[in-house]
Undergrad: 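Mind looking over this structure? Questions follow.
Side-chain atoms are counted along with the backbone in the values below, which use heavy atoms only and exclude waters and symmetry mates. We number each residue from 1, following the sequence as shown. Every value quoted in this text rests on a predicted model; they were computed, and no experiment measured them.
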Amino acid sequence: MIKISSYIIVFFLVTIFLGCSGTGKIPEGDLLYVGHEITIAKGDVPKGKRKIIKTALNDLIRPIPNKSLLGIRPGIFFYNLAGKVTKEKGFWYWLKYKIGEAPVLMSTVNLEHNKDVVQNYVENNGYFNSETKADSIKKDKKATATYDINLHNLYKVRSVIFPKDSTVLSNEINLLKKSSVLKTGKAYNLDIIKTERSRIDAKLKERGFYYFSEDYLLVQVDSTVATHEVDLLLKIKNETPAKARIQYKINDVFVYPSYNLKRDTISKNKQDTLHHKNFTIIDNRTVFKPIIFDKTLLFKKGELYNRTTHNLSLNRLITLGTFKFVNNEFKVNNSFKDQLDAYYYLTPLPKKSIQVEALAKTNTANYSGTELNINWSNRNTFKGAELLSVSAFTGVEVQVSGQNNGFNVYRFGGDASLVWPRFISPIRMNSGGGFVPNTKASIGYEYQLRTKLYSLKTFNSSFGYSWKENERKEHNLNVVNIAYTSSNNVSDLYLSQIAESPSLQSIIDKQLIFGTNYSYTYTNTMLKNKKNNIYFKGSLDFSGNALGLLMGANNNADPKSIFGVPFSQYSKVEMEFRHYYNFNSETKLASRIIVGAGLPYGNSKNLPYIKQFFIGGTSSIRAFRARSIGPGTFNGSTVASSFLPDQSGDLKLEFSTELRAKIYSFVKGAVFVDAGNIWLLNKSDEKPGGQFTSDFLNQLAVGTGVGLRFDFSFLILRTDLAFPLRTPYATNGKNWVLEKIDFSDKSWRSNNLIFNIAIGYPF
């Protein structure tokens, strides 16, 4: 009986294996294509060069076989499991075509075509006399394609010859010779020749040759000049049209700011025409002031056409945020055949809009809630492309279970902002590049009620500038930043807690911040083909310095006040650096370090509560709940309080590293380690061990975990499961808790496993 059961189990496992291997339903007379093998004869070609060629060819050969893991092909299994699907939607369609994948058959492999692809590649890389053979190996119901390559002598460039005639076009091309990517002594390479043609075309576009194209350039290869050497002769094709040989200047610039794509003709009513500086503006509704084109349209009459100026102007028009469509064309002037007239056809977005959002949210402190936002905007408030935004919000957060159960949070408020697409300043300021600088003024109010505890009223206002040098570098400067907070309805319960933890008083104290802040951001993460990507953001925040000088504030025991409220005086700096190492398109190592410091002085003994540092949570150290770490070796869990204690600090150090890889289809996985802590500048009896010392590295909290990321295109849902490896405070004389890890222990799991759910990556 046991033997029969064993046979049944073996039969069942074999059936599953055959189904997952993908060969179970291959059509009669066909085979499952499982990939290819490339063999390059050693010859005189170095091993490293052969490896590079082989890697490149692996990416060119088609088709791509089904994905497999240890011989198992789950894609084919799910494809077959779904069976015949008649509808282009629903679960079975999703399973068959999104999760599953059709088996790749050997009958779809064109060996001769792939052989030609291989042969063309090696010849295009200088191996002119190479030989390629294609075949296949069949085993059971599977087939593998084989490509054997015999490389011969590599041809190198002996000389590069540019056009020598005296035409304007040839002269301009000759001026580019010094920076040519075609170098004598280097191996012949077709891709480098194509790069040179594109380079010359791009440079000519900067010098007025609007109608020129790289297709008008010909590079002839002469391989008879020497043994295993070639001469490259750069020529302008005879069929190049006359207008492509002309160097154009800009004549007139016409702007149609109210252009309608549905309208076949353009109004030519002279009453609609306005001449402004270098532009002719044709606008039958006069809804835009000419000033918006002064800094967006960069062409000047009489200058050579320039592709960079062309693109910068278009980009500036788009980033105004006022136009739905931006179209542009150049036409040869009727009177001057070497001059271009520029035309800009701009279709405005609807001037006014309203948006209503309903949000659901949760956090690691077990608070869940909802929020309603209403946003109204006017995209052309004063006819200068100004953006006026007014919003109102209301929300509630509750804790279903945990330490703060019953301490619900209710919020409502609103804000208004006005953005000018230019600098509004008595000091002359310029911004280059393809991005329009902005001046922004804002004002806002929020009322927050924490039931059973207190309520806070916050007023804030700011005026400042934001500008981008280019797509990588961005600046934000708030010249004036005012924030005022006051409290009322403070409960006896909260007052009793203040008696035990005096630092809680700072949360309900009146606070007045009157300062300036600045941030600089650099990133190249938009470049997808780089091995290394970086992101850096540095910020400076100052408050009360000018007031401190004027009012002589130098004694925090007797602070100076404005309208009865002591103003805050401090300096704060924070820097964040991220590095992304891309192993390939689906696997990367992401790392982040954050360093921050705040220094109160003059009129303040402590940093304002809203400016202090906190650590822990879904996008911080994920093995610890939000705001539950530090400062220093202080253990907030030992504080006898009916709600979370104040765990804030003046200094911050945080580090995270995360290995991200694609698991299957839209599911990605991650393994991560987080570490960090916060500290106080001064000793606090209320938070023993919180002061920063030279032993700070031994006070770091460390956590690790794994996570899944579900990439739904329109959003990324992130789930992380983490647990601590080290606590900043010692338990039984030890900080490392590795020996206590026990996933089988329910009590350990309850106290240590932290589940995080969030939208987007942590960094």
Undergrad: Take F613 and I678 through the test side-chain contact (heavy atoms from CB on, under 4.5 Å) and record every step on the way to the result.
TA: CA-CA 7 Å; F613 294 106; I678 55 174; 4.0 Å; yes
Undergrad: Which atom names give the shortest non-hydrogen contact between S628 and F624, and what distance separates them?
TA: OG-CB, 3.7 Å
Undergrad: Which salt bridge (charged side-chain N to carboxylate O under 4.0 Å, His left out) pairs, counting each pair once, include a residue from residues 522-539, with sequence neighbours left out?
TA: none
Undergrad: Report, as yes or no, whether the 6.0 Å neighbourhood of atom CG on D695 holds more than 12 heavy atoms from other residues, nucleotides or ligands.
TA: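 Count over threshold, so yes.
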Undergrad: Could you check whether any side-chain N or O of N524 sits under 3.5 Å from a backbone N or O of I534, counting only pairs where one atom can act as donor and the other as acceptor?
TA: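 Side chain of N524 to backbone of I534: a pair is present.
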Undergrad: How far apart are the closest heavy atoms of P103 and L32, and which atoms are they?
TA: CB-CD1, 3.9 Å
Undergrad: Sub-3.5 Å donor-acceptor pair from the side chain of N66 to the main-chain atoms of V104, do we have one?
TA: yes
Undergrad: Using salt bridge (Lys or Arg N to Asp or Glu O under 4.0 Å) as the criterion, list what pairs up with D541, not counting sequence neighbours.
TA: K611
Undergrad: Could you walk me through whether D720 and R718 pass salt bridge (charged side-chain N to carboxylate O under 4.0 Å, His left out), step by step?
TA: CA-CA 7 Å; D720 291 321; R718 171 166 59 93; 2.7 Å; yes
Undergrad: Do the side chain of N677 and the main chain of G632 share a donor and acceptor less than 3.5 angstrom apart?
TA: yes
Undergrad: Do any N or O atoms from the side chain of Q647 and from the backbone of G630 form a donor-acceptor pair under 3.5 angstrom?
TA: yes
Undergrad: Can you label the angle between the F91 ring and the W94 ring as parallel, tilted or perpendicular, going by 30° and 60°?
TA: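 Tilted, since the angle between the ring planes falls between 30° and 60°.
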Undergrad: Looking at F763, is R660 sitting on its ring face, NZ or CZ under 6.0 Å from the six-membered ring centre and within 45 degrees of the normal?
TA: yes
Undergrad: For a quick check under 3.5 Å, do S391 and D415 share a side-chain donor-acceptor pair by atom type?
TA: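 There is such a pair between these side chains.
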Undergrad: Report the C-alpha distance between S571 and Y601 in whole Å, list the side-chain angles of each, state the deciding distance to 0.1 Å, and finish with yes or no for side-chain contact (heavy atoms from CB on, under 4.5 Å).
TA: CA-CA 8 Å; S571 293; Y601 50 83; 2.7 Å; yes
Undergrad: Can you tell me how far the CG atom of N556 sits from the CG atom of N606, to the nearest 0.5 Å?
TA: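 Those atoms lie 8.5 Å apart.
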Undergrad: For the side chain of T370 and the backbone of L359, is there at least one donor-acceptor N/O pair under 3.5 Å apart?
TA: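 Checked: pair present.
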Undergrad: side-chain contact (heavy atoms from CB on, under 4.5 Å) for V667 and F710? Distances and angles first, verdict last.
TA: CA-CA 5 Å; V667 183; F710 302 91; 4.0 Å; yes
Undergrad: Any cation-pi pair here, R627 with F614, using under 6.0 Å and within 45°?
TA: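 Satisfied, under 6.0 Å and within 45°.
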Undergrad: Indicate the atoms forming the closest heavy-atom contact of N481 with S462, along with that distance.
TA: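 The answer is OD1-CB, 3.8 Å.
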Undergrad: Do T451 and N408 have a side chain donor and acceptor closer than 3.5 Å?
TA: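 No, no side-chain donor-acceptor contact under 3.5 Å.
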Undergrad: Is there a side-chain contact between I629 and P728, using heavy atoms and a 4.5 Å cut-off?
TA: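 The answer is yes, as the side chains (C-beta and beyond) meet within the 4.5 Å cut-off.
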Undergrad: Between D674 (side chain only) and R622 (backbone N and O only), is there a donor and an acceptor less than 3.5 Å apart?
TA: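 Yes, because the side chain of D674 sits within donor-acceptor range (under 3.5 Å) of the backbone of R622.
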Undergrad: Quick one, N533 with T525, criterion side-chain hydrogen bond (donor to acceptor under 3.5 Å, both in side chains). Give me CA distance, side-chain angles, the key distance, then yes/no.
TA: CA-CA 5 Å; N533 292 115; T525 53; over 6 Å; no
Undergrad: Can any side-chain N or O of Y518 pair as donor or acceptor with the backbone N or O of G538 at less than 3.5 Å?
TA: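 Side chain of Y518 to backbone of G538: no pair is present.
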Undergrad: Looking only at atom types and distance, does a side-chain atom of K98 sit under 3.5 Å from a main-chain N or O of Y93, one as donor and one as acceptor?
TA: no
Undergrad: Return the minimal non-hydrogen interatomic distance between R726 and V737, and the atom names on each side.
TA: N-CG2, 4.0 Å
Undergrad: Does K457 make a cation-pi contact with Y447, if we ask for NZ or CZ under 6.0 Å from the ring centre and within 45° of the axis?
TA: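 Judged by the rule (NZ or CZ under 6.0 Å from the ring centre, within 45° of its axis), K457 is not positioned above Y447.
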Undergrad: Hey, are T521 and Y535 close enough side-chain-wise for a donor-acceptor pair under 3.5 Å?
TA: no
Undergrad: Is it true that, when you exclude K572 itself, more than 12 heavy atoms of the residues, nucleotides or ligands shown sit nearer than 6.0 Å to its NZ?
TA: yes
Undergrad: Aromatic rings H579 and F577: how do their planes relate, parallel, tilted or perpendicular, breaks at 30° and 60°?
TA: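 Aromatic pair H579/F577 classed parallel.
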Undergrad: Using a distance-only test with no angle check, is there a side-chain donor-acceptor pair under 3.5 angstrom linking S543 and S568?
TA: no
Undergrad: Please work out which of the three classes, parallel, tilted or perpendicular, describes the rings of F743 and F723, given edges at 30° and 60°.
TA: perpendicular
Undergrad: Does a donor on one side chain sit under 3.5 Å from an acceptor on the other, for S539 and S519?
TA: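 Result is no, nothing qualifies.
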Undergrad: Look at the rings of H475 and Y520 and say which category their plane angle falls in: under 30° parallel, 30 to 60° tilted, over 60° perpendicular.
TA: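 Rings of H475 and Y520: tilted, as their planes differ by 30° to 60°.
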Undergrad: Do the side chain of R411 and the main chain of V396 share a donor and acceptor less than 3.5 angstrom apart?
TA: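 Checked: no pair found.
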Undergrad: Passes side-chain hydrogen bond (donor to acceptor under 3.5 Å, both in side chains), D509 versus Q511? Steps please.
TA: CA-CA 6 Å; D509 280 341; Q511 298 176 6; over 6 Å; no
Undergrad: Please check if the side chain of T587 supplies one atom and the backbone of A661 the other of a donor-acceptor pair under 3.5 Å.
TA: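 No: the side chain of T587 does not pair with the backbone of A661.
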Undergrad: Do you know the tightest heavy-atom contact between V702 and A675?
TA: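 Answer, listing the atom of V702 first, then A675: CG2-CB, 4.0 Å.
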Undergrad: Which pair of non-hydrogen atoms, one from K687 and one from P631, has the smallest distance, and what is that distance?
TA: CD-CG, 3.9 Å
Undergrad: Between N735 and T727, does a side-chain hydrogen bond (donor to acceptor under 3.5 Å, both in side chains) hold up when you go through it step by step?
TA: CA-CA 5 Å; N735 294 91; T727 60; 4.7 Å; no
Undergrad: Just checking, is any N or O donor in the side chain of S648 or Q612 under 3.5 Å from an acceptor N or O on the other one?
TA: yes
Undergrad: With E658, which of R592, R578, R709, K588 fulfils salt bridge (Lys or Arg N to Asp or Glu O under 4.0 Å)?
TA: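 Per the salt bridge (Lys or Arg N to Asp or Glu O under 4.0 Å) rule, the option paired with E658 is R709, out of R592, R578, R709, K588.
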Undergrad: Looking only at side chains, do Q569 and S604 share a donor and an acceptor under 3.5 Å apart?
TA: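 There is no such pair between these side chains.
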Undergrad: Quick one: pull up CD1 in I508 and CZ in R450 and give me the separation to the nearest 0.5 Å.
TA: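 That separation rounds to 12.5 Å.
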Undergrad: Which residues pass the side chain to side chain donor-acceptor pair (under 3.5 Å) test with N732, sequence neighbours left out?
TA: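 None.
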Undergrad: Can K473 be said to sit on top of Y522's aromatic six-ring, NZ or CZ under 6.0 Å from centre and within 45° of the ring axis?
TA: no
Undergrad: Mind checking whether F696 and W679 have parallel, tilted or perpendicular rings, split at 30° and 60°?
TA: perpendicular
Undergrad: With side chains defined as the heavy atoms from C-beta onward, is the minimum distance between I663 and K668 less than 4.5 Å?
TA: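 SC-SC contact between I663 and K668 ruled out.
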Undergrad: Under the side-chain contact (heavy atoms from CB on, under 4.5 Å) rule, what do S747 and N751 come out as? Steps first, then yes or no, please.
TA: CA-CA 6 Å; S747 176; N751 294 325; 3.6 Å; yes
Undergrad: Between D742 and S744, does any side-chain donor sit less than 3.5 Å from a side-chain acceptor?
TA: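 Per modelled atom types, D742 and S744 side chains form a pair under 3.5 Å.
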